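Bear in mind that the values here come from a model prediction, so they are computed numbers and not experimental data. Chain A is the first sequence line, chain B the second, and so forth, proteins listed ahead of strands; every chain is numbered from 1.
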Number of protein chains: 2
Amino acid sequence: MGFAETFKALSDPVRREILQLLKQRRMSAGEIASNFEMTGATISYHLSVLKKAELVFESREGTFIYYELNTSVLEDLMVWLSDLKGVPSYEQTEN
Amino acid sequence: MGFAETFKALSDPVRREILQLLKQRRMSAGEIASNFEMTGATISYHLSVLKKAELVFESREGTFIYYELNTSVLEDLMVWLSDLKGVPSYEQTEN
DNA sequence: TTCTTATTTAGAAAATTATCTAAATAAAGA
DNA sequence: TCTTTATTTAGATAATTTTCTAAATAAGAA
């Protein structure tokens, strides 16, 4: 899976904003790019980082490539964070 | 607060392992360092990154500096992730 | 097949990060 | 005050990241 890749992917503000966009609905690469003041090539790079981290998946339709949020990795992160936090009244059964 | 800083801090495997160590109990910088095959200076750098991200706080005791996990930021991350994930049966009231 | 549109890939430059060694600081003890 | 121990800071270097421009690929339309 790779927490390093996932956290690194989430550490960039542009990539977090992309994910927020995809929260609403899937979007083509171009539509995503139109929300930023950067070249399409740069957005394509960011999408590849998100894809490698399995935070999004893509599906081609004709000349368009659509990107969609993949929430399953988010679950894994939340489990990791929750475990680090200590799960107060459940894991520590001596209370 | 700064999600960028926090996610970036969590993206490094050494820093994640430090947090896992601190999950059990607070530790001095030297004790933390003894768990890794790196110089104390490097661990000190990683601790400063974690501190800037507010994932740990420190308290000096004599010549020792103790580091302790700060869980409050973890909560914020979990809220952000949970919101991205979509909070299925609560936020979308039309179900 | 040639053109157009959507997107990615390649290559380069600037910025950031992780690591080291050596030096500096901070506190306590002799 | 001098020494020792714990830790950080400074400066350097190698690796990685983010961004650009220009070129390449992929698919459909004329």
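The interatomic distance linking A:M27 (CE) with C:dA6 (P) rounds to 16 Å, in whole Å. Nucleotide C:dA27 holds its P atom 15 Å from the OH atom of B:Y66, rounded to whole Å. At whole-Å resolution of the value, CD in A:E61 and C1' in C:dT5 are 16 Å apart. At whole-Å resolution of the value, CG in B:L50 and P in C:dA18 are 10 Å apart. For the pair B:H46 NE2 and C:dT17 C1', the interatomic distance rounds to 9 Å; values are reported in whole Å. Remark: P of C:dA18 and CD of B:E17 are 15 Å apart, rounded to the nearest angstrom. Atom CZ in B:F36 sits roughly 10 Å away from atom P in C:dT19 (whole-Å rounding).
Transitive grouping of hydrophobic side chains (ILVMFWY, heavy atoms separated by less than 4.5 Å) keeps A:F64 and A:L47 in distinct clusters. Hydrophobic clustering (side-chain heavy atoms under 4.5 Å, transitive across Ile, Leu, Val, Met, Phe, Trp, Tyr) keeps B:V49 apart from A:L84.
At a threshold of 4.0 angstrom between heavy atoms, the contacts of A:A33 with the nucleic acid are absent.
Nearest-nucleotide mapping onto DNA chain C: of B:V14 and A:R60, the residue sitting toward the 5' end is A:R60. Closest-nucleotide positions on DNA chain D for A:D12 and A:G62 were compared, and the one nearer the 5' end corresponds to A:D12. Nucleotides of DNA chain D nearest to B:F64 and A:I43 differ in position, and the one nearer the 5' end is that of B:F64.
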Take A:K8 and B:F7, measure what side chain to side chain contact (heavy atoms under 4.5 Å, CB included) needs, and give me the verdict at the end. CA-CA 7 Å; A:K8 199 159 288 174; B:F7 281 123; over 6 Å; no

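Between A:D83 and B:K23 there is a salt bridge, with a side-chain nitrogen of the basic residue lying less than 4.0 Å from a carboxylate oxygen of the acidic one. Between A:K85 and B:E75 there is a salt bridge, with a side-chain nitrogen of the basic residue lying less than 4.0 Å from a carboxylate oxygen of the acidic one.
Other residues, nucleotides and ligands place no more than 12 heavy atoms under 6.0 Å from the CD atom of B:E37.
Between A:R26 and the options A:E68, A:E31, A:E61, A:E58, a salt bridge (Lys or Arg N to Asp or Glu O under 4.0 Å) holds for only A:E61.
Of all nucleotides in DNA chain D having an atom under 4.0 Å from a heavy atom of chain B, the first and last in 5' to 3' order are D:dA6 to D:dT9.
Distances shown here put a side-chain N or O of B:R15 below 4.0 Å from the OP1 or OP2 atom of C:dA18.
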